[in-house]
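Ligands are counted one by one from 1 in listed order, and the atoms in each one are counted from 1 as well.
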Amino acid sequence: MQDRKRLQDKVAIVTGGGSGIGRATAMLFSENGAKVVVADVDVEGGEETVRQLNNQALFVKTNVASSDEMKLLIQKTINQFGTIDILVNNAGIGNSEVRSMDLSEEEWDRVIDVNLKSVFLGMKFAAPEMIKKGSGAIVNTASLLGLKGQKYTSAYNASKGGVVILTKNAALEYGKFGIRVNAVAPGVIDTKIIEGWRQNERKWPIISRANALGRIGTPMEVAQAILFLASDEASFITGATLSVDGGGHTF
Ligand SMILES: NC(=O)c1ccc[n+]([C@@H]2O[C@H](COP(=O)([O-])OP(=O)(O)OC[C@H]3O[C@@H](n4cnc5c(N)ncnc54)[C@H](O)[C@@H]3O)[C@@H](O)[C@H]2O)c1
């Protein structure tokens, strides 16, 4: 008899699935037997992920900061697959590197909406479906910068710190319904979001080695942690934030 896969027949939504960590997570989930819904505001990226999954996934164009679009994402998932077992709130953006007094209010709002309000919305609309069935796993992508401060990234820091504490809140609220809620806190990972840092010849050699392992991580290394937290192997883990940062949080 064939071994049962770790996410056999689970229905999973991955936001930000059109690139980087989200794409790696969608690929790994699919390899592990999940039916995957890729959500992203970037149509080209989202469709490319689905293509890489041999068209065995559903793409739903979604702006995660929009309440209507997040509600529709959950509805379309239910219409297509009848249920939702796993939600990965992963989509995110950075902010311009300026002192907080020089950051515009518009940019502050945008970063908080895309990185933090989206997590609230995803859980708000997915939790009732998971409560109906008495089970579910939610994994939110926080950041090393949600655990420690850094100059010039105020909105990003605040949004990701918010994700860490919102994860604990939701774990407390939904534990009795069989729903686990956890987060990952990646360090510097090789994706589009760090392109600006990579171009900085002075800072990059420092940033790229600022952890115990002395290198940046890959999207798949984060996806492996997300898979673990989403799977039944993490059945007694909830409210946790797992650092995936080469030891970057240790100093
Ligand atoms: N790469 C890193 O070093 C790093 C470190 C810590 C945390 N993170 C977090 O990991 C997550 C994934 O980022 P990544 O590194 O894969 O970067 P990425 O830029 O490769 O992927 C981010 C994805 O989110 C999508 N997205 C952005 N705004 C959106 C919106 N409003 N609605 C829907 N989708 C939207 C983008 O289109 C993109 O596909 C983010 O939350 C990011 O903050 C990344």
Query - Location of contacts on Ile193 toward ligand 1, heavy atoms closer than 4.0 Å - result: both

Query raised in the report: Just heavy atoms, cut-off under 4.0 Å: does Ala185 contact ligand 1 by side chain, backbone, both, or neither?
Result: neither

Would you say ligand 1 has an N or O under 3.5 Å from any N or O of [X]?
X      : result
Ser19  : yes
Asp42  : no
Asp40  : yes
Ala65  : no
Asn90  : yes
Ile189 : yes
Val64  : yes
Lys160 : yes

Query raised in the report: Which atom names give the shortest non-hydrogen contact between Lys192 and Ser19, and what distance separates them?
Result: CE-OG, 3.4 Å

Query raised in the report: So which heavy atom on Leu227 is nearest to which on Phe29, and how close?
Result: CA-CE1, 3.7 Å

Query raised in the report: Given the rule in the salt bridge (Lys or Arg N to Asp or Glu O under 4.0 Å) test, do Asp102 and Arg99 qualify, once you have shown the distances and angles that lead to the verdict?
Result: CA-CA 5 Å; Asp102 298 322; Arg99 282 179 299 196; 3.5 Å; yes

Close approach of [X] to ligand 1, heavy atoms, under 4.0 angstrom:
X      : value
Pro219 : no
Gly187 : yes
Thr15  : no

Atoms of ligand 1, numbered as shown, that sit under 4.0 Å from any heavy atom of [X]:
X      : value
Thr62  : 32 (N), 33 (C)
Thr141 : 9 (C), 10 (O), 11 (C)
Val188 : 3 (O)

Query raised in the report: Between the side chains of Thr218 and Asp190, is a donor N or O closer than 3.5 angstrom to an acceptor N or O?
Result: no

Requested in this report: Would you check if there is a donor-acceptor pair between the side chains of Glu97 and Thr153 at a distance under 3.5 Å?
Outcome: no

